[in-house]
Amino acid sequence: MVQTHVSSDHIRQHFTAAMSKMYREEVPAYADLVDIVDDVNSETIAQNSEVRNKIEAEGGISTLNAERHGAIRVGKPEELHILRRAFAVMGMFPVGYYDLSVAGLPVHSTAFRPIKADALAKNPFRIFTSLLRLDHIADEKLRNIAGDILSKRQIVTNRAIELIEQAEIKSGLSHSQAEEFVSELLETFRWHSKACVDVSTYKSLKDQHPLIADIVSFAGPHINHLTPRVLDIDEAQRRMPLRGLNPKDSIEGPPLRKCPILLRQTAFKALNEAVKFADENDEDTMGKHTARFGEIEQRGIALTPKGRALYDELLANAKNKSSQTDTPESKSYFDILKDEFQAFPDDWDVMRKEGLAYFYYQLTQAGKVDANSGGLRQSLEALISDGLVEAIPITYQDFLPVSAAGIFRSNLSSNDEKLYASDANQAQFEEDLGATVQDPFALYEMQQNHSIEKCLKMLNPVGCID
Ligand code: OOG
Ligand code: NI
């Protein structure tokens, strides 16, 4: 009997909704953040018809409301490997390598996400996934203890593994298998209020680095935050304290602009939660662990390597200046950032002509009429200025290492903004992952180039043009 498969997009949608429900139940403060986002989004849509039309075109409010990303931290190569296979069932593939050793964090990361434009449009859910680098634990004895603890755990249920194998062999899952897969996989990301280490081991791991304690002390890689999309991140940041949430000091990423670039994100700081250590039996001896928080994001256009280099330079300047002028009467980080970014053109046309950002090209209504009459011979620029082709910004789908470090830091109660020597090891990461990570720039460039080819082919069915 031929079984019909559900699409990987459908499984991802289902998984996103299930994760959202679980996390709102586990972390009530996160449910409050979602309320703020819902309010800000509906107010923005009501006040701004341009935004309203854009959201409608993107699939309406239910597409808008689905979470955009989450994050987990795994402890050993086998865990990264099996999760890569699990995410593939949902059409999520590793894109980008993030070396967080430069921020003094003992992890390196990738983001599992959909690749194709139509899959991203349906549901762009990404999981930022970090792998612990055991070799970054300086104390040899502790390194061995951590390695031992991790070697004993299995983070994916046996049934989930069977279903992953099924999906790989049969190139998909049936409807009921997909439902079972999502509910089995959810177990991997669930919170465990009972640690699998005793208090003293926890303390030594935490002394080494709080991130190590978070990764090693529990039975699995609990989801540590989810991130919905907000249409006005500055307003949502302002509202957090009014709802009793404690936001991080500043929004990560570029300043507010007319033409948004890359990714702006902020979070409320991680909660101090009760956990029971392995050697504590008495209800009164609950310990504390800080790990889980809620985040919001607002995305802009994807930048080319040239645009990204400019972004990195301006951001580094702003960070340097603000650390030098730390007096009460000095300018705020936000003002310094805004000043620095004056040097980044805030105009789609200029950004496009200077090759700073990626665009998707399509025929305008007039272009379609012309295509039918045939015989055009013009360059892309001429077609744009004649109103036959239009350039639409391509949304950035990835993450930013400096921002990610800021998010990690604010949730590990660490103010260490020092830069450390890079210890990138993408080859090792890919070996552990069992696959290569895709280059985000190459994906955007391919999308842009395909769109140009398609326009030119439609306008010049037989001819060649420059
Ligand atoms: C991941 C932090 C990075 C982001 O949005 O940049 C991240 C973590 O805390 O595990 O999620
Ligand atoms: Ni995040």
Side-chain angles (χ1 to χ4, degrees), residues 16 19-20 23 27 30 33-34 37 66-75 79-80 83 87 92 94-113 124-133 136 155 188-189 191 209-218 220-230 233 236-237 247-248 250-254 262-271 273 289-300 311-312 315 395-414 416-417 429 440:
T16 311
M19 289 283 272
S20 175
Y23 200 58
V27 183
Y30 175 66
L33 181 65
V34 171
V37 169
E67 268 82 354
R68 270 20 196 193
H69 82 260
I72 53 164
R73 304 153 182 172
V74 298
E79 295 175 352
L80 183 67
L83 286 180
F87 290 136
M92 299 159 80
V95 180
Y97 172 75
Y98 301 88
D99 166 29
L100 289 153
S101 64
V102 285
L105 300 166
V107 293
H108 47 181
S109 321
T110 190
F112 291 95
R113 69 160 174 90
F125 193 58
R126 316 147 176 98
I127 296 251
F128 191 90
T129 304
S130 302
L131 172 66
L132 174 65
R133 302 178 77 173
H136 282 222
I155 61 165
T188 300
F189 306 114
W191 174 244
H209 199 289
L211 200 50
I212 299 173
D214 183 55
I215 297 171
V216 177
S217 307
F218 299 92
H222 41 261
I223 181 86
N224 67 49
H225 69 277
L226 285 181
T227 311
R229 171 185 173 193
V230 67
I233 197 166
Q237 168 93 340
K248 66 192 289 305
S250 55
I251 296 173
E252 297 290 343
L262 298 173
L263 171 63
R264 301 183 73 211
Q265 51 197 142
T266 184
F268 68 76
K269 292 190 182 162
L271 308 168
E273 298 179 275
H289 178 68
T290 313
R292 300 190 301 163
F293 58 99
E295 189 193 13
I296 48 181
E297 63 162 60
Q298 194 169 8
R299 289 178 184 265
Y311 168 81
D312 285 340
L315 186 72
T395 302
Y396 188 59
Q397 303 293 349
D398 295 287
F399 293 84
L400 297 165
V402 175
S403 298
I407 298 280
F408 268 109
R409 250 190 315 262
S410 74
N411 288 293
L412 296 167
S413 10
S414 144
D416 178 7
E417 277 217 46
F429 186 85

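Note that ligands are numbered from 1 as they come in the structure, with each ligand's atoms numbered from 1 the same way.
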Nearest atoms (heavy-atom pairs only) where Y396 meets L400: OH-CD2, 3.9 Å
Residues forming a side-chain contact (heavy atoms from CB on, under 4.5 Å) with D214, sequence neighbours excluded: R73, F218, H222, H289, A291
Beyond-backbone contact of I296 with T266, side-chain heavy atoms, under 4.5 angstrom: yes
Contacting atoms of ligand 1, where contact means under 4.0 angstrom from a heavy atom of F399: 4 (C), 5 (O), 6 (O)
Within 45° cone and under 6.0 Å: R299 NZ/CZ vs F399 ring: yes
Matching residue for H69 among Q397, R113, R229, E295 - test: side-chain hydrogen bond (donor to acceptor under 3.5 Å, both in side chains): E295
Atoms in ligand 1 flagged as close to A404, the criterion being non-hydrogen separation under 4.0 Å: 3 (C), 6 (O)
Sub-4.0 Å atoms of ligand 1 with respect to non-hydrogen atoms of F128: 1 (C), 3 (C)
Ligand 1 contacted by N411 (non-hydrogen, < 4.0 Å): no
From N411 atom CG to H225 atom NE2, the distance as rounded to the nearest 0.5 Å: 8.0 Å
V34 vs L226 side-chain heavy atoms within contact, under 4.5 Å: no
E297 touching ligand 1 at heavy-atom level, < 4.0 angstrom: no
Polar atom proximity, S130 to ligand 1 (N or O, under 3.5 Å): no
Heavy-atom check, side chain of R292 versus side chain of E273, under 4.5 Å: yes
T227 versus E297, side-chain donor and acceptor atoms under 3.5 Å: no
Close approach of E252 to ligand 1, heavy atoms, under 4.0 angstrom: no
Protein N/O/S atoms closer than 2.8 Å to the Ni ion (ligand 2): H69 NE2, H225 NE2, E295 OE1
Option of least heavy-atom distance to atom 5 (O) of ligand 1 (set: R126, R292, Q265): Q265
Geometric N/O contact H69 with ligand 1, under 3.5 angstrom: yes
Flag, side chain of R68 to backbone of A66, donor-acceptor distance under 3.5 Å: yes
Any F408 side-chain heavy atom under 4.5 Å of S130 side chain: yes
Nearest neighbour in protein (non-hydrogen) for atom 9 (O) of ligand 1: R73 NH2, 2.7 Å
